[in-house]
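Report on the following structure.
What's counted below: heavy atoms across the whole structure, side chains too, no hydrogens, waters or symmetry copies. Here is the naming used below: chain letters follow the sequence lines, and residue numbers restart at 1 for every chain.
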Amino acid sequence: MAGNEISGYNFSAIEKKWQSYWQENQTFAAPDGLDKPKFYVLDMFPYPSSEGLHVGHPEGYTASDIVSRYKRMKGFNVLHPMGYDAFGLPAEQYAVQTGTHPQVTTAKNINNIERQIKMFGFSYDWSRRLATTDIDYYCWTQWIFLKMFNSWYDPIADAARPISELIQKLENHEYMVSPTGEIIYDTTHPISVLAGEPVGTFKYQELTVQQQRQIIDDHRLAYIAEVPVNWCPKLGTVLANEEVNSEGYSERGNYPVFRRALKQWMLRITRYAERLLEDLEELDWPESIKIMQRNWIGKSTGAEVCFAIEGKDDEVIEVYTTRPDTLFGATYMVLSPEHPLVAELTTDLQRQAVLEYVRQAARKSELERTADTKEKTGVFIGTYAINPVNQERIPIWVADYVLMGYGTGAIMAVPAHDTRDLEFAEKFDLPIIQVVQPPEDVDWHGYVDEGIAVNSGPYDGLTTAEFKKKITDWLEEQNLGRGAVNYKLRDWLFSRQRYWGEPFPIVHCEKCGTVSLPEEDLPLELTETDDFTPDISDDPDSVPSPPLGKLTEWINTTCPSCGGSAQRELNTMPQWAGSCWYYLRYLDAKNNQAPFDKDKERYWMPVDLYIGGAEHAVLHLLYARFWHKVLYDLGWVSTKEPFVKLVNQGMILGEDNQKMSKSRGNVVNPDTVVEQYGADSFRLYEMFMGPLQTVKPWRMQDVEGVYRFLNKAWRMIIDAGGSVHANITDAQPEGEALRRLHKTIKKVTEDIETLAFNTAISQMMIFVNEYLRLEKRSKKAMETFVLLLSPFAPHIAEELWQRLGHPVSLAYETWPSYNPKLTIDPEVELAVQINGKTRAKITVPADSEEKTIEETALESENVRSHLAGKTVRKVIVVKNRLVNIVAN
RNA sequence: GCCGAAGUGGCGGAACUGGCAGACGCGCGGGAUUCAAAAUCCCGUCCUGGCAACAGGGUGAGGGUUCGAUUCCCUCCUUCGGCACCA
């Protein structure tokens, strides 16, 4: 099987030859700002793991490479770059275990993976290569972080703005400050406090320096907050929700994760929830990915409602509900265990039980808290609330099925029409009152859909939608509530207690608080150490101690603001940071004055085609969109969205139809395949397996098929002696052969446009099978075929192109065009059906008149015998397709 | 539980906008070439019956719309992916 024959298709020699040709001639370097239309084709860059590439990587890379090569031949200036997402836990875990510096491991892994990527002959512009761990890359990651730290979200402009503008507006008294520390943007109206007295406001200057700083820090897009986080003592770090699986274990390493309140860096992505949701509309992305993002953002509309507390005039409980129309059915309330009013509202009699419950809830791991989904728990706190719509006295409970992080952390429970409340009410014997009438034959117990209001006083008979509107208006009039929107999306937990990540360009100063480094001081280099080990423990109560904390010399520095002594921030950024903007750095990878040049950004952006795995459906793609929007608001990028079109390649399974994994022993190593069959066969096979977007199993046997095809293509042009085949003549192709050529150009062109590479390859196979049988082959047809093949199997195509007499690479040859007339056969075979069953075939000239077709069909012998004794009722003729005779 | 995608020969898959189901490839069977093999070439290959012409069945299951359904509609089953107490 190996191509060792001297005169035959010797893929290893050919592939080596052309890869060095491309490199020496810089064939795929993309000049900036050419006077050509641009096309930006982006791959999701890989994490350089020690295992190297698996066969899933080159699937997407081959698809994007085909498009890149095709677009170049179509006259586009194509940007097609590659790089490495190189920060991250695995290299660091390895460092902790072996003492090898992550830098060393990472460099080694990048070398290996780059060797692999290069062996496929992808047409990357390697001069733009980057790794997120490069100092001149993360310098600008830090720079973008500073932009976020020094920005706030202006609700009036509905955009991020420099924080200096906020300070200025506060100083000028355009904005005031409420006693609770909130900013009052509209100073012409006194603030209204729900069910309370309007209260006084402060001028910024009336606040202490500490208070001023607090206000400002609370509005930065990057801020520090004490939040319940996922603490993983075994990794010695906190993890984002997304890095914890549903069983409550870390995705990396599968260690238990505990909930703890810790001070962490956060990014205010929630302010962008609405824009991230809205702007999805205009994107050419798979609908399933858009839906996943929508669900992740989780917008809901409803109302916030105030419930008075019996015996307490100075407090109310605010709840959020999407069903204000069920207010009359609220029979109890629930506060989440973390709710600030729990302590205050608990009666002495219940205090011990409640405190115990709250303490337990706080200690519960994510696992325990979600595992017992069936058994609801909770404790009555001893106090009652008053239902504002009917003055009913309803008990207040504390229960961990209500989450502090969503809505107001408190709910009104409507057991009749909410599954969770129903479960809880049944367990604790709380009253269940129907307030929605479902359609006939549907039980109202636990009916959660819309219906007609009942037991709702004056509102009886209203539909859910009408009721919602009326009651929300009423609540607003009474100052008891208002319409409200909520999102499931949470702010992004942005710090890790690890060594191998971007250091925060931040110092903590006793006098000045949290202070950012000036931009000129960037990069803040990750300092050298040989002690990467965070304090790892089995104790969920252990205190995080980042490895950077051991580097006393590095930690102690001077405050850029006051010059006094200060300490550096000890956390580092999460792996996602680097991948949030790499597509922008490619535009200008060597710039050391700015992250990228604005003119280059305007020329190249947006990304026209982004190909990668669906596993990044929400996280990477949402985070990157968020950063992009921040940069857009601050005037650094010119488009609202980074990625116009997104395609997810489907996973490649092992031969056993299972996910490839080391433990199953079904992993296919691309190196072996390339060695056996060559890169061109590898590329071709990955594209021929099936549609790019679907999941499909690897079958080593099938690689043989495309390999044979390339051999046939070779033999079609090159004879046994190694010269161009004597059958190839300068004559123009004619007849059937000419039509086959034009059909092939059409099919391959259209299929590349729609990323249907598998059927494009089928068509080329048909072409080769047919032309191999011809006595004489037109050179023009051979050249055209080689050009069509070249995006798929570029090495063999270049070699054949050269042997056909062209000294220069075909990479910038004009893509073949076809004559539509030559894609149609002069005669067509039609099926003749009787009552929908095919009974005969007839051959007629293309585009024959319906009448002629009908006549020819009825003359056919088999048709006549089937029609014997029947009456023809109707004849349907579909031109160039079939005839259907209806008879009985 | 909710959301999404998909079910077609022995296998991967193809089928425009409702118009001949199974293109192309793998595998398998038969033959040619060869001392022999590899490679290559030719013929066959959805299932059942038949030497054949041909007939019947057939795109997860059941129903519907239609002259005609892999394609559109309803119900159900299975597999995969995502989310999971979000009020």
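Shown here, B:rG27 forms a base pair with B:rU45; the pair counts as Watson-Crick or G-U wobble because both key distances fall under 3.5 Å. The base-pairing partner of B:rG4, taking Watson-Crick or G-U wobble contacts with both distances under 3.5 Å, is B:rC80. When both pairing distances are held under 3.5 Å, B:rG22 makes no Watson-Crick or G-U pair with any nucleotide shown. The nucleotide B:rC72 finds its pairing partner in B:rG64, both defining distances of the Watson-Crick or G-U wobble pair being shorter than 3.5 Å.
By the neighbour-count criterion of 12 heavy atoms within 6.0 Å, atom CZ of A:Arg323 is densely surrounded, having more than that number from other residues, nucleotides or ligands.
Residue A:Arg708 is classed as a sugar-phosphate contact, given heavy-atom separations below 4.0 Å to backbone atoms only. Here A:Asn486 lies out of heavy-atom contact (under 4.0 Å) with every strand. Among the heavy atoms of the strands lying under 4.0 Å from A:Pro691 are primed sugar atoms or P, OP1, OP2 only; no base atom is included. Residue-level contact check: A:Ile411 touches the bases, meaning some heavy atom is under 4.0 Å from a base atom. Here A:His866 lies in heavy-atom contact (under 4.0 Å) with sugar-phosphate atoms only. Here A:Gln763 lies out of heavy-atom contact (under 4.0 Å) with every strand. Nucleic acid contact class of A:Asn769 (heavy atoms, under 4.0 Å, all strands): sugar-phosphate only. Using a 4.0 Å heavy-atom criterion, one finds that A:Lys879 contacts no nucleic acid atom at all. Nucleic acid contact for A:Lys837: sugar-phosphate only, since backbone atoms but no base atoms lie under 4.0 Å from a heavy atom of the residue.
You won't find any donor-acceptor pair under 3.5 Å spanning the side chain of A:Asp702 and the base of B:rC26, going by distance alone. The base of B:rC54 is not paired with the side chain of A:Arg839 by any donor and acceptor separated by under 3.5 Å.
A cation-pi arrangement is found for A:Lys376 relative to A:Tyr401, the charged atom lying closer than 6.0 Å to the ring centre and inside a 45° cone about the ring normal.
Looking at which nucleotide of RNA chain B each of A:Ile291 and A:Ile761 is closest to, the 5′-most match is held by A:Ile291.
In this entry the distance linking CD of A:Glu287 with P of B:rA5 reads 9 Å, nearest Å.
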